[in-house]
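In what follows, a single structure is set out as structure tokens and then discussed.
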Amino acid sequence: MKHSEKIRLGIIGMTEGNGHPYSWSAIFNGYDQDKMTAECPFAGIPEYLNKEPAETLQIAGANVTHIFCDDRHDAEHVAACSLIPNVVDAPEKMLGQVDAVIIATDIGSEHVARVKPFVEAGLPVFIDKPLCDNSSDLTTFRKWIVDEKRPIMSSSAMRYAKEYMPYQKSTNDLGELRFVSATMCKKWETYGIHALEAIYPIVGPGFRTIQNLGTPERNIIHMTHKRGIDIIIALIKDVQYGGGIRLAGTKGNAYVCSNDTFYAFKAQLQAFVDFLRSGEYPFPFSETEELMKLVIGGLKSRENHNCIINLD
């Protein structure tokens, strides 16, 4: 895709508790500040959008031109708030009208079905985290991305949190990492990937085992890593969102908390636009695949009497 071309994006949403179509569309299109502030059902979205100067809000060279939601009323409201000109009654109605699609839903078990029409049409797709939540769908995505070279990208915005970036580059001042922990809210199925993908670029590939010692409401996850690191994620339904990462090594420790949601979302979406321009992935699919094995392993452990899952 030439740099001079304006990219037309379609966006698909929403799922319960996930307002990405509002915020992500606004990052491309701008937004109706009065309407978004007064009416957006996710109060945190106008809170962080309203902090941004108009001149730094938007990603250049791309706009969301079409939206579909399972409930048309949702789509019409997002369109009004985030200045999207076209609401469609079926996702397939976007074909021929857009250059790429964003699947802004976070139920992994739905993503193969949601993305299939666009994959078959050869359109590039960004899929909200998690890519999937079961082994069969992971096999399908691997076939599409690795074997068939379909342009599909997925990530959590926590990969792009600016507070974590120095530790992605180096943890040498902490010595050899021995323990990493994180807290997160809501469900392992949808939000576990936020904590996982915040940690993954710091510790790198090489997870060996995962064990979920908790319940659907209180997931307590223990993982081991080839570098000799024990990793704990406490994901509890009703805690405050986030909570940061603790890193402990042989020479020091650090606690890092991500607070700039807008920055992480914008950087994530910019990475997708860069991918559309260059055709080069910002990170290999092998990382996403390992992360999905962790998501799936955490579910399998919980469903099988909290057993240890060997990731090999």
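Under the 3.5 Å distance criterion, the side-chain polar atoms of Ser170 are matched with a main-chain donor or acceptor of Asn172. Checking side-chain atoms of Asn212 against main-chain N and O of Gly298 turns up a donor-acceptor pair under 3.5 Å. Of the possible donor and acceptor atoms, one in the side chain of Thr56 sits under 3.5 Å from a partner among the backbone N and O of Pro53. When atom types are taken as modelled, the side chain of Glu163 and the backbone of Ser258 share no donor-acceptor pair closer than 3.5 angstrom. Side chain of Asn219 to main chain of Pro216: a donor-acceptor pair is present (N/O by atom type, distance under 3.5 Å, no hydrogens or angles). In this structure, the side chain of Thr250 engages the main chain of Glu176 through a donor-acceptor pair within 3.5 Å. Side-chain atoms of Asn18 do not come within 3.5 Å of backbone N or O of Met14 as any donor-acceptor pair.
In this pair, Tyr191 and His194 present their aromatic rings perpendicular. The plane angle is above 60°, beyond the 30 to 60° band.
For the residue pair Asp230 and Thr224, no side-chain donor N or O sits within less than 3.5 Å of a side-chain acceptor on the partner. For Asn63 and Arg8, the side-chain atoms include no donor-acceptor pair closer than 3.5 Å. In the model, Asn306 has no side-chain atom that pairs as donor or acceptor with a side-chain atom of Gln211 under 3.5 Å. Using modelled atom types and a 3.5 Å distance limit, the side chains of Thr65 and Gln97 yield no donor-acceptor pair. Counted by atom type alone, Tyr48 and Ser23 present one or more donor-acceptor pairs between their side chains at under 3.5 Å. Judged purely by distance below 3.5 Å, without hydrogens or angles, the side chains of Tyr160 and Gln270 never pair a donor atom with an acceptor atom.
Atoms CG and CD1, from Asn29 and Ile11 in turn, are 9.0 Å apart once rounded to the nearest 0.5 Å. Between the CD1 atom of Ile27 and the NZ atom of Lys266 there is a distance of 8.0 Å, given to the nearest 0.5 Å. One distance of note links CG of Asp106 with CD1 of Ile193; it measures 11.5 Å at 0.5 Å rounding. Taking NE2 from His222 and OG from Ser301, the interatomic distance works out to 11.5 Å, rounded to the nearest 0.5 Å. Between Trp188 atom CH2 and Ile221 atom CD1 the span is 4.5 Å, to the nearest 0.5 Å. A distance of 11.0 Å separates SG of Cys257 from CZ of Arg246, quoted to the nearest 0.5 Å.
Put simply, the side chain of Cys81 does not reach to within 4.5 Å of the side chain of Asp32, judged on heavy atoms. Taking the side chain as every heavy atom from C-beta outward, Phe28 and Ile102 approach each other to under 4.5 Å. Between Asn253 and Leu247, the closest side-chain pair of non-hydrogen atoms is not below 4.5 Å. Contact annotation: the side chain of Cys185 never approaches that of Lys237 to less than 4.5 Å [non-hydrogen atoms, C-beta and beyond]. Using a 4.5 Å heavy-atom cutoff, the side chains of Leu235 and Thr183 are not in contact. Counting only heavy atoms from C-beta outward, the side chains of Pro282 and Met153 approach each other to under 4.5 Å. Taking the side chain as every heavy atom from C-beta outward, Ile233 and Leu196 approach each other to under 4.5 Å. Considering only heavy atoms from C-beta on, Phe68 stays 4.5 Å or farther from Val87 through its side chain.
Annotation for Glu303: atom CD counts as buried by contact number, over 12 foreign heavy atoms lying within 6.0 Å. Heavy atoms of other residues, nucleotides or ligands lying less than 6.0 angstrom from NZ of Lys116 number 12 at most. Crowding of Arg218 atom CZ: a count of heavy atoms from other residues, nucleotides or ligands under 6.0 Å not exceeding 12. The local environment of CG in Leu213 is crowded, with over 12 non-hydrogen atoms from other residues, nucleotides or ligands closer than 6.0 Å.
Under the ring-ring contact (aromatic ring centres under 6.0 Å, His included) criterion, the residue pairs touching residues 269-298 are Phe126-Phe272, Phe275-Tyr281, with sequence neighbours excluded.
Taking the ring centroids of Phe141 and His111, they lie at or beyond the 6.0 Å cut-off.
A salt bridge is absent between Lys129 and Glu197: the closest approach of a Lys/Arg side-chain nitrogen to an acidic carboxylate oxygen does not fall below 4.0 angstrom. Here Lys186 does not pair with Glu217 in a salt bridge; the nearest charged N to carboxylate O distance is not below 4.0 Å. A salt bridge is defined here as a Lys NZ or Arg NE, NH1 or NH2 lying under 4.0 Å from an Asp or Glu carboxylate O, and Arg72 with Asp89 meets this definition. A salt bridge between Asp128 and Arg114 is absent, with no side-chain N of the basic residue lying under 4.0 Å from a carboxylate O of the acidic one.
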Starting from the C-alpha separation in whole Å, work towards a yes-or-no answer on salt bridge (charged side-chain N to carboxylate O under 4.0 Å, His left out) for Glu148 and Arg150. CA-CA 6 Å; Glu148 300 179 8; Arg150 304 286 187 173; 3.2 Å; yes

Chi angles and distances behind the salt bridge (charged side-chain N to carboxylate O under 4.0 Å, His left out) call for Arg159, Glu287: CA-CA 11 Å; Arg159 176 180 286 270; Glu287 295 192 7; 3.0 Å; yes

Intermediate values then yes/no, salt bridge (charged side-chain N to carboxylate O under 4.0 Å, His left out), Lys162 and Asp260: CA-CA 8 Å; Lys162 64 185 180 185; Asp260 194 338; 2.9 Å; yes

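Both Leu95 and Val88 belong to a single network of hydrophobic side chains, linked directly or stepwise wherever heavy atoms of I, L, V, M, F, W or Y lie under 4.5 Å apart.
For Phe262 against Leu57, the heavy-atom pair with the smallest separation is CZ-O, 3.4 Å.
Listed by chain and residue number, Val112, Trp144 satisfy the side-chain contact (heavy atoms from CB on, under 4.5 Å) test with Thr140 (two or more places apart in sequence, or in another chain).
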